[in-house]
There are 2 protein chains.
Amino acid sequence: MNANCTIYKTSDFIGKKWTIPLILELYKGKGKKKRYSVLKNSLHGITPKLLSMRLKELAKHKLVKKETHANEFPIRCEYSLTKSGLAFIKVVKSMKDWALTHQFKNEHCKKMNCKNCDCGC
Amino acid sequence: MNANCTIYKTSDFIGKKWTIPLILELYKGKGKKKRYSVLKNSLHGITPKLLSMRLKELAKHKLVKKETHANEFPIRCEYSLTKSGLAFIKVVKSMKDWALTHQFKNEHCKKMNCKNCDCGC
DNA sequence: CCGGATCCTCTGCGATACTG
DNA sequence: CAGTATCGCAGAGGATCCGG
């Protein structure tokens with residue numbers, strides 16, 4: 001393995017704290033766009049600094065799109081998954097399947113689609 | 001999302017530096033068992049402390065099995081993927097597929113099976 | 001008010017040296 | 001050979017502050 005390895009490079013920016021829960025949170029629910037404060041409240045325990053950093057990283061890698069409505073008051077910012085970010089959900093689902101089979105038993109979670117889950121799962 | 005969420009818990013112990021490359025390295029090649037020094041040399045840049053920590057974490061979560069041959073000299077330790085660890089490879093492959101489609105173009109890597117790759121990929 | 005930036009503290013990581 | 005010990009620094013956690 002060297003620094004050019006696809007998996008190495010990918011795990012390097014995906015395998016950071018809060019990145020995967022953040023992508024999942026942007027996928028969840030009916031609306032496609034979510035505000036900073038909504039994300040902060042949903043990702044219970046994340047600090048504003050980390051949320052800000054992760055959103056920037058994901059935007060840089062084109063998994064997340066940011067829209068700022070500066071003409072409104074108060075200012076409203078909306079974040080959403082790009083096609084690339086949405087495609088990443090299949091990786092997350094693969095991880096979930098593995099975890100439910102090999103790590104954590106959770107019947108509720110197994111039945112639930114993450115998209116509709118309030119995450120008692 | 002709360003602290004009980006399957007994805008949150010999984011990403012918490014999978015999403016640490018070197019964890020995924022380490023699992024991939026244990027998967028690669030013909031032999032199933034690998035020694036500490038072999039892993040250290042293959043994972044170019046990892047420090048002995050981190051390798052030791054990650055192996056312990058993965059053993060704790062039953063993705064990796066450790067065998068110590070204390071009766072020999074020098075002492076020989078061998079690490080291998082458990083069934084659970086081997087099953088995790090499909091998550092890694094899912095990640096690789098996504099990365100090659102959406103992040104990094106790499107024709108060589110696309111053709112290559114990681115198992116046989118010296119990781120010029 | 002909302003979306004951050006800033007400051008400080010503390011854990012985690014990198015590098016090197018050393019031991020059973 | 002297979003790891004610990006030690007130290008310094010970068011990144012994460014927590015609280016507060018600020019511009020629009």
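Naming convention: chains lettered A, B, ... in sequence-line order (proteins, then strands); numbering from 1 in each chain.
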Q. In whole angstrom, what separates Phe73(B)'s CZ from dG20(C)'s P?
A. 13 Å
Q) In terms of hydrophobic clusters joined by side-chain contacts under 4.5 Å, are Val38(B) and Leu43(B) together? A) no
**Q.** Arg76(A) CZ - dG20(D) C1' separation (whole Å)
**A.** 15 Å
Q.
Measuring only between side-chain heavy atoms, which start at C-beta, is Leu81(A) closer than 4.5 Å to Val64(A)?
A. yes
Q: May I ask whether Phe13(A) and Val91(B) are part of the same hydrophobic cluster, defined by side-chain heavy atoms of I, L, V, M, F, W, Y residues being less than 4.5 angstrom apart, directly or through others?
A: yes
(Q) Output the rounded distance in Å from NE2 (His44(A)) to C1' (dG14(D)). (A) 14 Å
Q. Are any of the side-chain nitrogens in Lys60(B) or Glu57(B) under 4.0 Å away from the carboxylate oxygens of its partner?
A. no
Q: Write down the distance between CG (Leu51(B)) and P (dC1(D)), rounded to a whole number of angstrom.
A: 15 Å
Q. Within the structure, does a side-chain N or O atom of Ser52(B) lie under 4.0 Å from either OP1 or OP2 of dT4(D)?
A. yes
(Q) Check this one for me: any side-chain N or O of Arg35(B) less than 4.0 Å away from OP1 or OP2 of dA2(D)? (A) yes
Q: Figure out the NZ/C1' separation between Lys40(B) and dC1(D), and round it to whole Å.
A: 10 Å
Q) Does Lys66(A) have a side-chain nitrogen or oxygen under 4.0 Å from the phosphate oxygens OP1 or OP2 of dG4(C)? A) yes
Q: Check every atom of dA5(C), dC1(C), dG3(C) against the side chain of Lys56(A) and return the nucleotide holding the closest atom.
A: dA5(C)
Q: Tell me whether the OP1 or OP2 atom of dA2(D) has a side-chain N or O from Ser37(B) closer than 4.0 Å.
A: yes
Q: Rounded off to whole Å, could you give me the CD-to-C1' distance for the Glu78(A) and dC2(C) pair?
A: 13 Å
Q) Once you round it to whole Å, what is the distance between C1' of dA2(D) and NE2 of His69(B)? A) 13 Å
Q. Can a side chain N or O of Thr68(A) be found less than 4.0 Å away from OP1 or OP2 on dG3(C)?
A. no
Q) Is there a side-chain contact between Met95(B) and Ile20(B), using heavy atoms and a 4.5 Å cut-off? A) yes
Q) Leu22(A) and Met53(A): same hydrophobic cluster, using ILVMFWY side-chain contacts below 4.5 Å? A) no
Q | Any Tyr36(B) side-chain N or O less than 4.0 Å from OP1/OP2 of dT4(D) | A | no
When you compare the protein's N or O atoms with those of nucleotides 13-19 of chain C, which come within less than 3.5 Å of each other, and at what distance?
from	atom 1	to	atom 2	distance (Å)
dC13(C)	OP1	Arg54(B)	NH2	3.0
dC13(C)	OP2	Arg54(B)	NH2	3.4
dG14(C)	OP1	Lys17(B)	NZ	3.4
dG14(C)	O6	Lys49(B)	NZ	2.5

(Q) Nearest whole Å is fine: how far is dG3(C) C1' from Glu72(A) CD? (A) 14 Å
Q. So, Lys66(B) side chain and Ala59(B) main chain: donor-acceptor pair closer than 3.5 Å or not?
A. no
